[in-house]
A.B. asks: 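Take a look at the following structure, please.
From a predicted model like this one, the values you see are computed outputs, not experimental measurements.
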Amino acid sequence: MKYEPVIGLEVHTQVKTASKMFCGCPADSFGREPNSNTCPVCLALPGALPVPNEIAVQKTIQLAKALGCQIADFSQFERKNYFYPDLPKGFQISQYAHPVGEAGEFEGIPVRRVHLEEDTGKLIHEGGESLVDFNRSGVPLIEIVTEPEFSDPAVVTKFLKELRTLLVHLEISDADMEKGSLRLEANISLRRAGEKDLPPYKVELKNINSFGFLEKALRVEIERQQELLASGKEVAQETRGFDEKKGVTVSQRRKEEAFDYRYFPEPDLPPLTKQTLRFEGKAMRTPQELRDDYIAQGVSPDYSDILVRDPSLSQGTAAFAKATRESIAGSASILINKRYGDLKKEPIEKIVSRYKVSQEKVLLTGGEIETLADKIVLDNESAVADYLKGKEPALQFLLGQLMKESGGKVAPQEALDLLKKKIHARTSTSAKN
Ligand code: ADP
Ligand code: ZN
Ligand code: MG
């Protein structure tokens, strides 16, 4: 009997805002004492009233649009009621019947909904005690839910990587899994190959903190379910985690029937206004469109990808090009290779000024550079071969050699162009021979 996996994703991402979702507390509690970043609203003290964070709403709209969703005409917050010690109000403010966005598509997979909610506090278990830290309580979260239309774990990984790039590039979230600002849940079941109906159960894989582990967990879970079904057993509906060391999924919670969250509209918040929902923001491009733009400007595919994943680097590249009249491709290469300093550690102005100082050096004449470039290409056969195999860094190595030999007396872009020309001239003559 052949089975086909059915997989759907639920992704939570922390929205990049200055303050929390419904109060004025800073959103970022990094390095703070537990419970030092709270107020009556996020601690749910009696009488405290929530006020929605407009930036969080705008970013949710932006993301929903980028994921191809329809933006609702009517959207509101609802209370999701359940009891757990990390939830001070006894309910989470979330969205249910009227999310911000619905019915999108991303990377060929239908996106069911995109909605906004608040985070809970954090439970810390130590020395036989359970403690609660409410610093994270009320931090804005966007939830993205796909339809169950993945069947290949590798496609899940590809989707998630592209989603993370989108989140970072639109500056919606840091999407840093180690800091918990991107959290993944996958639902998985199996059906007979060719069958169209959804299986009558699903297993939720939770608390998995890397794309690699999620893909592994999905693969072993597929095996586990396959064995159960093949021997005529049923697969229980439950939540499972992944034991990274043993490489197996483990039961965490059985879900006999759906939790009754008793959703109802949040009486302390009016629905989002039409005007709010019509938020346009700046024009957004998908990561692939941006990569294509860079490639069209002569940036290599690898470097284009680095730029799209790192908004501060792509902004730095634009600023560098403007300040120095270097091309975008040249500027990107200079910054990525940290040739005049590290943008992560110093302001772009410093790097620009160091570049300008280097440009003022007396440069070698064209003939002198040619001689030097010939020598570098001859002396470094293996780097030349690597470059010809498509290894871009090999060219940077050759440039480094040339810079060293010339005492920095060549303009990097010019030198790069020349090296490429020399390499190609050599290969075309040797091909003739
Ligand atoms: P629930 O009501 O339990 O929250 P939903 O229908 O809202 O279930 O779906 C939650 C997630 O589970 C979605 O990502 C969806 O794609 C996925 N999902 C739903 N049914 C299945 C199934 N049979 N197998 C795998 N994933 C599923
Ligand atoms: Zn607060
Ligand atoms: Mg659900």
A.B. asks: Would you please say whether a donor-acceptor pair under 3.5 Å links the side chains of Thr120 and Gln92?
C.D. replies: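 Their side chains do not contain a donor-acceptor pair, so the 3.5 Å distance test is not met.
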A.B. asks: Counting neighbours of OH on Tyr84 that are heavy atoms of other residues, nucleotides or ligands and sit closer than 6.0 Å, is the number greater than 12?
C.D. replies: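 No, OH of Tyr84 has 12 or fewer neighbouring heavy atoms, counting only those of other groups under 6.0 Å.
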A.B. asks: Do we see a donor-acceptor contact under 3.5 Å between the side chains of Gln288 and Asp292?
C.D. replies: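 Yes, a side-chain donor-acceptor pair sits under 3.5 Å.
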A.B. asks: Is there a donor-acceptor contact under 3.5 Å from the side chain of Glu105 to the main chain of Gly68?
C.D. replies: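 Checking the backbone N and O of Gly68 against the side chain of Glu105, no donor-acceptor pair under 3.5 Å is found.
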A.B. asks: Compare every heavy atom of Ile142 with every heavy atom of Val15, then report the nearest pair and how far apart it is.
C.D. replies: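 In this case the closest contact between Val15 and Ile142 is CG2-CG1, 3.4 Å.
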A.B. asks: Using the ring of each side chain (for Trp, its six-membered ring), is Phe159 parallel, tilted or perpendicular to Phe106, with breaks at 30° and 60°?
C.D. replies: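 Perpendicular, since the angle between the ring planes exceeds 60°.
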A.B. asks: Check the pair Asn337 / Tyr303 against side-chain hydrogen bond (donor to acceptor under 3.5 Å, both in side chains), numbers first and verdict last.
C.D. replies: CA-CA 10 Å; Asn337 293 292; Tyr303 281 10; 3.1 Å; yes
A.B. asks: Looking only at atom types and distance, does a side-chain atom of Tyr201 sit under 3.5 Å from a main-chain N or O of Leu190, one as donor and one as acceptor?
C.D. replies: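 Looks like yes, one N/O pair under 3.5 Å.
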A.B. asks: Just do the salt bridge (charged side-chain N to carboxylate O under 4.0 Å, His left out) check on Lys158 and Asp152 with the steps written out, would you?
C.D. replies: CA-CA 10 Å; Lys158 190 167 165 280; Asp152 180 351; over 6 Å; no
A.B. asks: So that I can tick it off, tell me whether Arg309 and Asp305 are bridged by a salt bridge, with the cut-off set at under 4.0 angstrom between side-chain N and carboxylate O.
C.D. replies: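 Salt bridge: yes.
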A.B. asks: To the closest 0.5 Å, what do you measure between CD1 (Ile376) and CE (Met403)?
C.D. replies: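 If we round to the nearest 0.5 Å, Ile376:CD1 and Met403:CE are 11.5 Å apart.
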A.B. asks: Give me the one residue out of Glu368, Glu370, Glu405 that meets salt bridge (charged side-chain N to carboxylate O under 4.0 Å, His left out) with Lys375.
C.D. replies: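 Filter result, single survivor: Glu405.
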A.B. asks: How close do Val384 and Val377 get, heavy atom to heavy atom, and via which atoms?
C.D. replies: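 Closest approach of Val384 to Val377, heavy atoms only: CG2-O, 3.7 Å.
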A.B. asks: Are Gln58 and Thr276 packed together at the side-chain level, in the sense that at least one heavy-atom pair is separated by less than 4.5 angstrom?
C.D. replies: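 No; the side chains remain at least 4.5 Å from each other.
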A.B. asks: Is Glu195 atom CD crowded by more than 12 heavy atoms from other residues, nucleotides or ligands, each under 6.0 Å away?
C.D. replies: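 Counting other residues, nucleotides and ligands, CD of Glu195 exceeds 12 neighbours.
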A.B. asks: Within this structure, what is the CZ-NE2 distance for the pair Phe77 and His98, rounded to the nearest 0.5 Å?
C.D. replies: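 Output value for this atom pair is 13.5 Å.
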A.B. asks: Rounded to the nearest 0.5 Å, how far does CD of Glu54 lie from OG of Ser19?
C.D. replies: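 Going from the OG atom of Ser19 to the CD atom of Glu54 covers 11.0 Å.
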A.B. asks: Got a sec: does the CZ of Phe211 have more than 12 other heavy atoms crowding it under 6.0 Å?
C.D. replies: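 Counting other residues, nucleotides and ligands, CZ of Phe211 exceeds 12 neighbours.
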A.B. asks: If I take atom CD1 from residue Ile351 and atom OG1 from residue Thr324, how far apart are they, to the nearest 0.5 angstrom?
C.D. replies: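 The OG1 atom of Thr324 is 11.5 Å from CD1 of Ile351, to the nearest 0.5 Å.
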A.B. asks: Check whether any side-chain N or O of Gln95 sits under 3.5 Å from a backbone N or O of Gln76 as a donor-acceptor pair, and report yes or no.
C.D. replies: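 Looks like yes, one N/O pair under 3.5 Å.
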A.B. asks: CG of Asp174 to NZ of Lys179: how many Å apart, nearest 0.5 Å?
C.D. replies: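 Spacing of CG (Asp174) from NZ (Lys179) equals 5.0 Å.
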A.B. asks: For residues Val6 and Pro199, report the shortest heavy-atom separation together with the two atoms involved.
C.D. replies: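 Taking Val6 first and Pro199 second, the nearest heavy atoms are CG2-CD, 4.1 Å.
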A.B. asks: Are any side-chain N or O atoms of Asn53 and backbone N or O atoms of Ala56, one a donor and one an acceptor, separated by less than 3.5 Å?
C.D. replies: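 Here the side-chain-to-backbone pair exists.
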A.B. asks: Are Arg240 and Ser251 close enough that some pair of their side-chain heavy atoms sits under 4.5 Å apart?
C.D. replies: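 Arg240 reaches Ser251 side chain to side chain.
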A.B. asks: Spell out, as yes or no, whether a donor-acceptor pair under 3.5 Å connects the side chain of Asp243 to the backbone of Val250.
C.D. replies: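 Pair absent, no side-chain N/O of Asp243 close to backbone of Val250.
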A.B. asks: Measure centre to centre between the rings of Phe320 and Tyr355, then say whether the value is under 6.0 Å.
C.D. replies: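 Yes, close enough.
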A.B. asks: Test side chain to side chain contact (heavy atoms under 4.5 Å, CB included) on Asp386 and Phe397 and set out the steps.
C.D. replies: CA-CA 11 Å; Asp386 282 349; Phe397 168 78; over 6 Å; no
A.B. asks: Within the side chain of Asn187, is there an N or O that forms a donor-acceptor pair under 3.5 Å with the backbone of Glu204?
C.D. replies: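 Answer holds: no.
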A.B. asks: For Phe150 and Ile188, what are the C-alpha separation, side-chain angles and deciding distance, and is it a side chain to side chain contact (heavy atoms under 4.5 Å, CB included)?
C.D. replies: CA-CA 9 Å; Phe150 294 91; Ile188 172 160; over 6 Å; no
A.B. asks: Flag the pair Arg291 and Glu162 as a salt bridge only when some basic side-chain nitrogen lies within less than 4.0 angstrom of an acidic carboxylate oxygen.
C.D. replies: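 Salt bridge: yes.
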A.B. asks: Closest approach of Pro311 and His169, non-hydrogen atoms and distance?
C.D. replies: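 Heavy-atom minimum between the residues: CG-CA, 3.9 Å.
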A.B. asks: Is there side-chain contact between Val100 and Leu63, with at least one heavy-atom pair below 4.5 Å?
C.D. replies: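 The answer is no, as the side chains (C-beta and beyond) never meet within the 4.5 Å cut-off.
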A.B. asks: Considering all heavy atoms of both residues, which atom of Asn37 and which atom of Pro26 are nearest to each other, and what is their separation?
C.D. replies: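 It is ND2-O, 2.8 Å.
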A.B. asks: Applying salt bridge (charged side-chain N to carboxylate O under 4.0 Å, His left out) to Glu10 and Arg112, what does each step give before you reach the verdict?
C.D. replies: CA-CA 10 Å; Glu10 292 168 286; Arg112 182 184 293 175; over 6 Å; no
A.B. asks: Any donor and acceptor pair, going by atom type alone, linking the side chain of Lys216 with main-chain N or O of Gly247 inside 3.5 Å?
C.D. replies: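 Looks like no, no N/O pair under 3.5 Å.
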A.B. asks: Determine, step by step, whether Glu215 and Lys161 satisfy the salt bridge (charged side-chain N to carboxylate O under 4.0 Å, His left out) criterion, reporting the C-alpha distance in whole Å, the side-chain angles of both residues, the deciding distance to 0.1 Å, and the verdict.
C.D. replies: CA-CA 12 Å; Glu215 191 172 326; Lys161 285 190 173 163; over 6 Å; no
A.B. asks: Show the nearest heavy-atom pair for residues Glu78 and Tyr263, with the distance to one decimal.
C.D. replies: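 Closest approach of Glu78 to Tyr263, heavy atoms only: OE1-CB, 3.7 Å.
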A.B. asks: Hydrogens and angles aside, do Gln14 and Asp119 bring a side-chain donor and acceptor to less than 3.5 Å of each other?
C.D. replies: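 Per modelled atom types, Gln14 and Asp119 side chains form no pair under 3.5 Å.
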A.B. asks: Taking Asp342's backbone N and O only, do any of them form a donor-acceptor pair with Glu346's side chain (distance below 3.5 Å, no angle check)?
C.D. replies: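 The answer is yes, because a donor-acceptor pair under 3.5 Å joins these two groups.
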A.B. asks: I need the Leu313 CG to Leu307 CG distance, nearest 0.5 Å.
C.D. replies: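 Result: 5.0 Å between the selected atoms.
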A.B. asks: Indicate yes or no: at least one non-hydrogen side-chain atom of Leu399 is less than 4.5 angstrom from one of Arg339.
C.D. replies: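 Counting from C-beta outward, Leu399 and Arg339 do come under 4.5 Å.
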A.B. asks: For the pair Leu9 and Leu184, evaluate side chain to side chain contact (heavy atoms under 4.5 Å, CB included) and give the outcome as yes or no after the intermediate values.
C.D. replies: CA-CA 7 Å; Leu9 299 176; Leu184 316 174; over 6 Å; no
A.B. asks: May I ask you to test the Gln237-Lys202 pair for a side-chain heavy-atom distance under 4.5 Å?
C.D. replies: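 In short, these two side chains touch, coming nearer than 4.5 Å.
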A.B. asks: Please check if the side chain of Asp176 supplies one atom and the backbone of Ser181 the other of a donor-acceptor pair under 3.5 Å.
C.D. replies: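 It does not hold such a pair.
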A.B. asks: Under the 3.5 angstrom rule, does the side chain of Ser333 hit a backbone N or O of Ala329 as a donor-acceptor pair?
C.D. replies: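 Answer holds: no.
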A.B. asks: Side chains of Met21 and Cys42: closer than 4.5 Å at any heavy-atom pair?
C.D. replies: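 They are not in side-chain contact.
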A.B. asks: Carefully, step by step, assess Leu388 and His424 under the rule side chain to side chain contact (heavy atoms under 4.5 Å, CB included).
C.D. replies: CA-CA 9 Å; Leu388 287 170; His424 290 301; 4.2 Å; yes
A.B. asks: Does a side-chain heavy-atom distance below 4.5 Å link Ser312 with Lys344?
C.D. replies: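 Yes, close enough: below the 4.5 Å cut-off.
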A.B. asks: Whether Glu266 and Lys89 form a salt bridge (side-chain N of Lys/Arg under 4.0 Å from carboxylate O of Asp/Glu) is what I want to check.
C.D. replies: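 So Lys89 does not pair with Glu266 through a salt bridge.
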A.B. asks: Side chains of Glu221 and Gln225: does their closest heavy-atom pair fall under 4.5 Å?
C.D. replies: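 Side chain of Glu221 against side chain of Gln225, heavy atoms only: contact under 4.5 Å found.
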A.B. asks: Which residue in the set Cys25, Cys23, Ser137 passes side-chain contact (heavy atoms from CB on, under 4.5 Å) when paired with Val41?
C.D. replies: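 Result: among Cys25, Cys23, Ser137, Cys23 is the only option passing the side-chain contact (heavy atoms from CB on, under 4.5 Å) with Val41.
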